Amino acid sequence: MSQTRDETILWESFLNGDNHSLEVIYRIYFDELYRYGMKWLKDGHLVEDVIQDLFVRLIQSRGNLAVAQSVKFYLFRAFKNMALDKIRLEKRLVGGNEPSSDTFQLDLSPESSMIDKEEYLIIKSKIENALVQLTPRQREALYLRYIEEFSYSEVSEMMGLTAKGTYKLMSRAIEAIRGQLPAGIFIFLSNHFLRLHPY
Amino acid sequence: MFMDKELKKYRKFTSADFALDDRFISSVLKPDEQANGFFKQLKDLYPHLEKSMNDARKIISSFEAPSEIINNEIKDRIWKKVMEETEGTPVIHIRSRRKYRWAAAAILFSVIASFSAYYILNRQDSTINEVSQVKNKPANDIAPGGNKAILTLADGSIIVLDSANNGTLSHQGNVTVIKMNDGKLAYDKGGAAGKIMYNTITTPRGGQYQLVLADGSKVWLNAESSLKFPVAFTGRERKVELTGEGYFEVAHDASKPFRVSVNDMTVEVLGTHFNVNAYGDENNVKATLLEGSVKVAEGGQSVMLQPGQQAKVSTEKISVVNNVNLESVVAWKEGLFYFDNDNIQKVMRQLERWYDIDVSYEGSIPAALFSGQMKRNLTLSQVMQILEYNNIKYSIVGRRMIISD
């Protein structure tokens, strides 16, 4: 990613006392953090609260923060911990049971930009079936790898697994989904919908 | 060309292996020429891998990426709270702060600039992850079009619609022009106006715009098009003039027929949904009816259309086509390109208008026909990648594209 280096500069500048740099980071990642937060919390106001708390805490603990290799990863990991704390707190307040992360939702793209429509609908329903069967942790791993585009080692760290464990978790998930894909040869590369007609 | 060794590694890959392979994943999520070339070569070398690759690609690309664009006001408000809550927090060890500040300011500027540009272009379409799209765009890629237009008022003054603030833009007679939050333009009729005043809205290449006329009729204007219309409909008919392409949802008013004129052709309606395509570089003017009924007249001839029919008007001749693929006709207003057995020139004419490029051909023109749809918010390189898979060879210099055989 071309901006990684710029972000590292921003982060260091923030560590050195410049809040404007943090504001830039805040604005770069707000939408992504919000989307990720909604997967856990499902309530926009709660997500906004957590984002606010996250940046307050970053500023307050500025002196103790490390130089981040990946700003995004740093933010996401801290954000996830705080979101899970929030869930625990909410559950305690409403007298629920032990906190759990059994809520991680993964949705399919509403309308893939490139797949032929009918084919897409078929695949979508198949994959939806498969997704329900997955464990929340499998869903989360897929989300972090394919949507947030974290590396395997980052996904592992975020999930508290070894690299091997992550690979295993994901490959089982993939196999389960693949098992649901309709057989037969598809017209084209999946995200390239154009069909070439013989002439 | 890639090393055999690199390719060999994939020889026995299953779809799960592909779906977990870093190189493969990034070729799906962030395609570039090198990665595409690599997996194309792999497929040619080991044809048996094609199905696994297709499955893996399907799985990877099937997950949701869109996020809502969160309103800037919310971001401002939360950031303000962060600042309030941390006021007085001591700043520890400040070193070479000045240097960093410059860097931060420069980056802040570029980030804000790219964000606001993106925000304007995509207000009506938030289905792709904005942040990463901005970040991952190759430096020389050409962005898709967006909501852009120029409004010329009755007194000749001009308002650029992609930068004008929301809210009231102008008062003309008793009529107020309002730019709404979603980027639409609306004409609010005050009392009856005196003389008829005309405004013209013009979209450039790579622009589109939506407006609501004073009678409540809605008009979507495609790229490189214009609509001249009265700010209030006071006469006995509602008359507008179109160039390029527009989709109309005309508010019903039996006492005032609505007339769209294109060159010499007129489409006359009472209240209905229809599309008119009158680009100068297309072979003929096409009026397609989705709902209601319309009369299409040219020269001395006229025809009445039923829903699903299309009138093709060429020099002094009107022909009617039945059972038109309506989805393909109005796909543009839904943010899609829709090709239905179209030759490459027809495909390219649409790309020229939306990406503001000029296409020329070297050698013979490829004879392939294209069917399918793709989103109009793709960048040009993403679109071309799709065409490349269909063995279309091209090169781009600036905004000129050359297709070779």
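Note on naming: letters A, B, ... go to the chains in the order of the sequence lines (proteins, then strands), and numbering restarts at 1 for each one. Keep in mind the model is a prediction, meaning the values are calculated, not measured.
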Close side-chain approach of B:Asp22 to A:Arg145, heavy-atom, < 4.5 Å:
yes
Please look at B:Asp76 and chain A and tell me whether the side chain, the backbone, both or neither of the residue comes under 4.5 angstrom of a heavy atom of that chain.
both
Taking atom NE2 of A:His45 as the centre, report whether more than 12 heavy atoms of other residues, nucleotides or ligands fall under 6.0 Å from it.
no
Nearest 0.5 angstrom please: A:Asn19 CG to B:Thr86 OG1, how far?
6.0 Å
Look at the side chain of A:Tyr146 and the backbone N and O of B:Ala19, then say whether any donor-acceptor pair between them is shorter than 3.5 Å.
yes
If I measure from the heavy atoms of chain B, does A:Phe55 come under 4.5 Å with its side chain, its backbone, both, or neither?
both
B:Trp79 side, atom CH2; A:Ile51 side, atom CD1 - distance, nearest 0.5 Å
12.0 Å
For B:Ser15, side chain to side chain donor-acceptor pair (under 3.5 Å) partners two or more places apart:
A:Arg178
Around atom CD of B:Glu84, are there more than 12 heavy atoms of other residues, nucleotides or ligands at under 6.0 Å?
yes
Looking at B:Asp17, B:Thr14, B:Leu20, which one forms a side chain to side chain contact (heavy atoms under 4.5 Å, CB included) with A:Ile174?
B:Leu20
In chain order, what residues pass the salt bridge (charged side-chain N to carboxylate O under 4.0 Å, His left out) check against B:Lys346, with sequence neighbours excluded?
B:Asp342
Given side chain to side chain contact (heavy atoms under 4.5 Å, CB included), test B:Met83 with A:Glu23 step by step and report yes or no.
CA-CA 10 Å; B:Met83 286 293 103; A:Glu23 183 178 356; over 6 Å; no
Taking 4.5 Å as the heavy-atom cut-off, does anything in residues 165-173 of chain A contact chain B, and if so which residues?
A:Tyr167, A:Met170, A:Ser171
Ignoring hydrogens, what is the shortest heavy-atom contact between B:Ile74 and A:Phe30? Give both atom names and the distance.
CG2-CZ, 4.4 Å
Side chains of B:Glu85 and A:Gln52 only: does a donor on one sit below 3.5 Å from an acceptor on the other?
yes
For A:Arg57, which residues count as a side chain to side chain donor-acceptor pair (under 3.5 Å) partner, sequence neighbours excluded?
none
With a 4.5 angstrom heavy-atom cut-off, which part of A:Leu58 approaches chain B: side chain, backbone, both or neither?
neither
Segment of B:Ile25 engaging chain A (4.5 angstrom heavy-atom cut-off)
side chain
Is B:Lys81 salt-bridged to A:Asp53, cutoff N-O under 4.0 Å?
no
